[in-house]
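Remember, it's 1-based here, ligands and their atoms both numbered in the order they're listed. No hydrogens, no waters, no symmetry mates; every other heavy atom, side chains included, goes into these values.
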Amino acid sequence: MNKPLNEYSGWIWMNGKFLEWKKAKIHLLSHTLHYGSGVFEGARAYGGRIFKKTQHHQRLHDSAAMLGFKIPYSIGKLNKAAEDLLERNKLENAYLRPIAWYGAEELNVASNNNSVNVAIAAWEWKSYFKPETTGLKLMWSDWIRPAPTMAPVHAKANGLYLIGTLSKNKAEHQGYDDALMLDYRGYIAECTSSNIFMVKNHVLYTPIADCFLNGITRQTIIELAHSHNIPCIEKYIMPSDILTADELFVTGSAIEVKPIIKIGETQFNIGRITKHMMREYLKLVKAKELEPPNE
Ligand SMILES: Cc1ncc(COP(=O)(O)O)c(C=O)c1O
């Protein structure tokens with residue numbers, strides 16, 4: 001059993017200050033704990049550099065705006081806090097978790113009278129799945145991604161992860177790595193923490209991100225495909241389309257690019273385009289000249 005995350009040591013940036021790991025706590029009556037009203041991010045650092053940190057902190061701001069609140073730190077300030085945090089914790093290859101939540105001033109479904117709190121934690125990162133996992137086995141989720149009129153589906157909001165947790169719990173119990181969700185129309189949506197791509201006849205396809213997170217890795221892969229002359233088309237995809245794909249993979253900041261080798265009972269090979277995208281993505285995240293330094 002790995003050491004529990006809450007027993008790590010180091011520093012956590014919280015509301016503008018660096019706190020010792022075990023002292024970074026919130027009150028039991030925090031609004032977000034009761035009502036799932038927060039937003040968060042998941043970013044990765046490679047060789048001490050945070051990949052697309054500005055985009056992640058921009059998305060934290062955008063997610064908060066979709067929930068009707070403002071993050072009280074600028075994107076530049078969050079970038080600097082994240083970088084200082086890595087340095088203080090002497091981290092090179094890390095996962096970063098920025099989060100914003102409502103405090104415990106009042107317990108009411110409305111959050112208008114609660115403070116907005118922000119923290120960033122970072123820790124050494126090995127692999128999202130077991131290191132021996134070469135490809136993912138997915139089960140079909142019992143839950144569907146809701147319509148944009150049912151939930152703020154484009155925000156990376158805590159509350160939206162409930163169906164992900166239920167789906168991934170069941171998948172793990174049944175010996176799968178993760179679950180694949182359909183959307184409210186029956187189209188393929190995404191996995192519990194990643195977007196999906198399929199290859200058919202040398203063309204890449206990915207679902208239109210109109211009711212789920214348009215992942216930063218998803219956007220990076222679309223750009224990479226175009227720059228490598230691999231046609232990449234965003235379209236609505238039916239489950240029957242996915243099951244006849246030549247290759248499949250998922251993308252996400254934590255997962256990177258990972259092949260899918262099974263959905264339900266259907267098996268898939270790890271193909272040439274998947275291997276190419278895995279290699280090119282790793283090259284890109286490890287490149288030295290990604291973003292200008294903070295001003
Ligand atoms: C539900 C969900 N979809 C997709 C993604 C992929 O997003 P990104 O590539 O920005 O990490 C994530 C991870 O953040 C996620 O949690």
Visitor: Nearest 0.5 Å, what's the CD-CD1 distance between Gln267 and Ile261?
Guide: 7.5 Å
Visitor: Counting only heavy atoms closer than 4.0 Å, does ligand 1 sit against the backbone of Leu160, its side chain, both, or neither?
Guide: neither
Visitor: Is it the case that the side chain of His154 and the backbone of Asp62 share a donor-acceptor pair, with hydrogens and angles ignored and the cut-off at 3.5 Å?
Guide: no
Visitor: For the residue pair Arg88 and Phe18, would you count it as a cation-pi contact if the rule is NZ or CZ under 6.0 angstrom from the ring centre and within 45 degrees of the ring axis?
Guide: yes
Visitor: Distance under 4.0 Å to a non-hydrogen atom of Tyr161: what atoms of ligand 1 satisfy this?
Guide: 1 (C), 2 (C), 15 (C), 16 (O)
Visitor: Parallel, tilted or perpendicular for Tyr236 and Tyr187, by the 30°/60° rule?
Guide: parallel
Visitor: Answer with side chain, backbone, both or neither: which part of Ser194 has a heavy atom less than 4.0 angstrom from an atom of ligand 1?
Guide: backbone
Visitor: Which atoms from ligand 1 have a heavy atom of Ser253 less than 4.0 Å away?
Guide: 8 (P), 9 (O), 10 (O), 11 (O)
Visitor: Which of parallel (below 30°), tilted (30 to 60°) and perpendicular (above 60°) describes Trp123 and Trp21?
Guide: perpendicular
Visitor: I want to know if ligand 1 touches Ile216 in the polar sense, i.e. an N/O pair below 3.5 angstrom.
Guide: yes
Visitor: Return a yes/no value for Glu190: is any of its N or O atoms, backbone included, closer than 3.5 angstrom to an N or O of ligand 1?
Guide: yes
Visitor: At a 4.0 Å cut-off, with the gap strictly under it, does some heavy atom of Glu41 reach an atom of ligand 1?
Guide: no
Visitor: Would one find an N or O of Asn195, backbone or side chain, under 3.5 Å from an N or O of ligand 1?
Guide: no
Visitor: Indicate yes or no: does an N/O atom of His56 lie under 3.5 Å from an N/O atom of ligand 1?
Guide: no
Visitor: Check whether Thr274 reaches the backbone of Ile270 with its side chain - one donor and one acceptor, N or O, closer than 3.5 Å.
Guide: no
Visitor: For atom 5 (C) of ligand 1, tell me which residue out of Gly252, Ser193, Gly215 has the closest non-hydrogen atom.
Guide: Ser193
Visitor: Any heavy atom of Thr192 closer to ligand 1 than 4.0 angstrom?
Guide: yes
Visitor: When Tyr102 is tested against each of Ser111, Ser115, Ser37 for side chain to side chain donor-acceptor pair (under 3.5 Å), which residue passes?
Guide: Ser111
Visitor: Output the list of atoms in ligand 1 that are nearer than 4.0 Å to some heavy atom of Lys156, sorted by atom number.
Guide: 13 (C), 14 (O), 15 (C), 16 (O)
Visitor: Keeping Thr244 on the side-chain end and Asp241 on the backbone end, is there a donor-acceptor pair under 3.5 Å?
Guide: yes
Visitor: So, regarding Thr217 and ligand 1 (criterion: nitrogen or oxygen to nitrogen or oxygen, under 3.5 Å), is there a contact or not?
Guide: yes
Visitor: Are Lys286 and Tyr46 in a cation-pi setup, meaning NZ or CZ lies under 6.0 angstrom from the ring centre and within 45 degrees of the ring axis?
Guide: no
